[in-house]
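All chains are named by letter (A, B, ...) in the order of the sequence lines, taking the proteins before the strands, and each is independently numbered beginning at 1.
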Number of protein chains: 2
Amino acid sequence: MTRAPQKRRLETRARLLEVAAAIVQEQGYSGLRVEDVVARAGVAKGTLFSHFKDKDGLLAVLIGDEVMRLLDGMEARGAPQDAAELTARLAPHLDYVGQDRVIFDLLLRYSGTTAAEPDEVVTAGFIRQVTLLTRWLQVLQTAGQIRQDQPPELLAEGIQAFLNHVLGVWFCMEHDDETPPGRALAPYLQAWLQPAG
Amino acid sequence: MTRAPQKRRLETRARLLEVAAAIVQEQGYSGLRVEDVVARAGVAKGTLFSHFKDKDGLLAVLIGDEVMRLLDGMEARGAPQDAAELTARLAPHLDYVGQDRVIFDLLLRYSGTTAAEPDEVVTAGFIRQVTLLTRWLQVLQTAGQIRQDQPPELLAEGIQAFLNHVLGVWFCMEHDDETPPGRALAPYLQAWLQPAG
DNA sequence: AATCAAAAATGACCACGGTCAATTACAAAA
DNA sequence: TTTTGTAATTGACCGTGGTCATTTTTGATT
């Protein structure tokens with residue numbers, strides 16, 4: 001049985017996250033240096049790694065929080081009426097992840113955790129995303145808006161696959177104009193969700 | 001106009017690749033250290049980085065070669081007769097990439113390069129993969145085996161998306177049994193290629 | 001208050017990828 | 001052969017993530 005953490009430890013953890021979030025705000029995710037975080041937080045480097053498994057563990061909390069916020073926004077707008085509207089609902093997610101390769105890489109590293117231990121924020125975020133999508137798809141299915149020959153869970157995971165695909169392509173070109181990830185997603189989802197014969 | 005490289009340079013490059021391949025053979029991709037490569041090749045570290053942009057650049061050649069070999073195998077077996085057979089054709093690719101996260105990460109980093117400069121082996125591999133898939137899908141379409149309402153290019157890229165999705169999930173669980181990537185792919189492709197209404 | 005075991009924090013140290021001004025080897029021109 | 005410009009290579013050095021034996025802090029117990 002593990003003891004409850006002391007107050008000092010919680011404060012330190014909070015300070016680390018606070019400082020890290022500030023640095024991300026100023027320099028972006030890719031500008032985050034562990035040394036900068038500990039320096040501004042006034043702790044030793046080892047302390048950070050006793051709070052988070054590694055740099056990714058820290059990032060996972062920051063990014064997981066943001067993903068949760070995005071999901072709040074998605075849920076607030078209610079279920080979409082058709083496939084096109086669903087696609088539009090995903091735009092904020094694409095915008096967020098598309099802003100920095102670091103986010104994409106990290107999410108991908110956790111992306112299959114839909115079933116495992118939900119102790120991490122990111123994992124919880126994924127579960128929530130797939131759950132929400134599944135619910136929406138179920139609604140669209142009963143409304144006859146999309147194909148009904150596949151379980152909504154499969155359709156939901158397929159959507160995640162296309163999200164990552166579009167983002168992967170996005171990060172490969174140097175962002176010189178080119179179709180933004182939002183536009184690129186539409187044809188895939190259209191073909192994926194279209195009623196089957 | 002850049003001069004042709006001298007013989008010595010070509011030899012050095014060949015030696016680096018040879019040594020790197022040997023180390024991968026012995027320790028796997030994730031066991032590859034730049035220092036080991038240069039030590040065994042008998043050159044200085046800087047030399048390696050004058051031949052390859054970074055460690056990924058070296059890996060890209062090794063992995064690109066292997067991908068090309070896999071594609072040779074795929075092409076040799078000819079076009080599949082139906083969707084299920086197509087899925088089976090992809091198994092070697094899944095097995096290869098699924099063996100080490102390093103391969104997956106690297107391929108993903110280059111995965112969107114379907115259109116850009118094909119100077120890299122990996123990029124060429126991707127183009128070749130999508131081309132081959134497109135050709136096969138076209139055949140299946142005219143044979144009436146799969147949906148005909150979408151261009152074969154889109155279907156091909158969708159398949160790539162599902163390949164990566166399945167692999168991403170695969171790397172998230174600790175490989176303790178669980179459905180191997182090969183099995184996991186089938187339901188997605190079935191749903192993706194099924195004739196539409 | 002004094003004692004003590006567990007929790008928390010420390011910072012010197014390491015591993016590894018990557019850089020670049022300086023050096024050496026080469027091949028063409030004089 | 002000697003000179004000379006450039007291709008090729010060198011290795012000391014750096015940035016950054018991560019480790020761990022040691023030290024400090026904390027709060028319960030006597």
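- Within 4.0 Å of A:Lys45, counting heavy atoms only, lies at least one base atom of the nucleic acid.
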Output side-chain donor-acceptor pairs under 3.5 Å for residues 148-155 of chain B, partner residues at least two apart or in another chain, one line each.
{"residue": "B:Gln148", "atom": "NE2", "partner": "B:Gln141", "partner atom": "O", "Å": "2.9"}
{"residue": "B:Asp149", "atom": "OD1", "partner": "B:Arg147", "partner atom": "NE", "Å": "2.9"}
{"residue": "B:Asp149", "atom": "OD2", "partner": "A:Gln194", "partner atom": "NE2", "Å": "3.4"}
{"residue": "B:Asp149", "atom": "OD2", "partner": "B:Arg147", "partner atom": "NH2", "Å": "3.3"}
{"residue": "B:Gln150", "atom": "NE2", "partner": "A:Gln190", "partner atom": "OE1", "Å": "3.4"}

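- Within a 6.0 Å sphere centred on CD of B:Gln25, other residues, nucleotides and ligands contribute 12 heavy atoms or fewer.
- Residue A:Arg15 contributes atom CZ, which lies 12 Å from atom C1' of C:dA8 at whole-angstrom precision.
- Atom CG of A:Leu16 and atom P of C:dA8 are 14 Å apart (whole Å).
- Side-chain N/O atoms of B:Arg9 include none lying less than 4.0 angstrom from OP1 or OP2 on D:dA7.
- A straight line from CG of A:Leu48 to P of D:dT16 spans 15 Å, rounded to a whole angstrom.
- Note on A:His51: a side-chain N or O is less than 4.0 Å away from OP1 or OP2 of C:dA9.
- Summary of helix geometry: the two end axes of the helix from C:dA1-D:dT30 to C:dA30-D:dT1, each defined by five base pairs via their C1' atoms, are inclined to each other by 30° (rounded to 10°).
- At D:dT10, one or more side-chain N or O atoms of B:Thr47 fall inside 4.0 Å of OP1 or OP2 (strictly under the cut-off).
- Between B:Lys7 and B:Glu11 there is no salt bridge, since no side-chain nitrogen of the basic residue lies less than 4.0 Å from a carboxylate oxygen of the acidic one.
- Whole-Å rounding puts the A:Phe49 CZ to D:dG18 C1' distance at 5 Å.
- Of the candidate nucleotides D:dT25, D:dG11, C:dG18, D:dT25 has the atom nearest to the side chain of A:Arg8.
- Residue B:Arg33 has its side chain nearest to C:dC16 when only D:dG18, C:dC16, C:dA8 are considered.
- Side-chain atoms of B:Gln160 and B:Gln129 form a donor-acceptor pair, as typed in the model, at a separation below 3.5 Å.
- When distances run from any side-chain atom of B:Lys55 to the nucleotides D:dG17, C:dG11, C:dG18, the shortest one goes to C:dG18.
- Remark: P of D:dC14 and CD of A:Glu35 are 14 Å apart, rounded to the nearest angstrom.
- A straight line from CG of B:Leu10 to C1' of C:dC26 spans 14 Å, rounded to a whole angstrom.
- If you check every strand for non-hydrogen atoms under 4.0 Å, B:Leu32 touches sugar and phosphate atoms only.
- Residues in residues 79-109 of chain B take part in these ring pair (Phe, Tyr, Trp, His ring centres under 6.0 Å) pairs, two or more places apart or across chains: B:Phe104-B:Phe171.
- Of all nucleotides listed (C:dA8, C:dA9, D:dT9), C:dA8 comes nearest to the side chain of A:Pro5.
- Within the nucleic acid shown, A:Thr12 comes within 4.0 Å of sugar-phosphate atoms alone, with no base atom in reach, counting heavy atoms only.
- A:Arg13 places its CZ atom 16 Å from the C1' atom of C:dA9, with the value rounded to the nearest Å.
- One side chain, A:Tyr188 or B:Glu157, offers a donor N or O that lies under 3.5 Å from an acceptor on the other.
- A:Arg128 has a carboxylate O that lies under 4.0 Å from a charged side-chain N of A:Asp72, or vice versa, which qualifies the two as a salt bridge.
- Each of B:Asp54 and A:Lys7 lies near DNA chain C, and the nucleotide nearest A:Lys7 is the one positioned closer to the 5' end.
- Checked against D:dT9, C:dA7, D:dA8, the side chain of A:Gln6 finds its nearest nucleotide in C:dA7.
- We find that NZ of B:Lys53 is positioned 13 Å from P of C:dC20, with the value rounded to whole Å.
- A donor-acceptor distance shorter than 3.5 angstrom exists from the side chain of B:Asp100 to the backbone of B:Ser30, with no hydrogens or angles considered.
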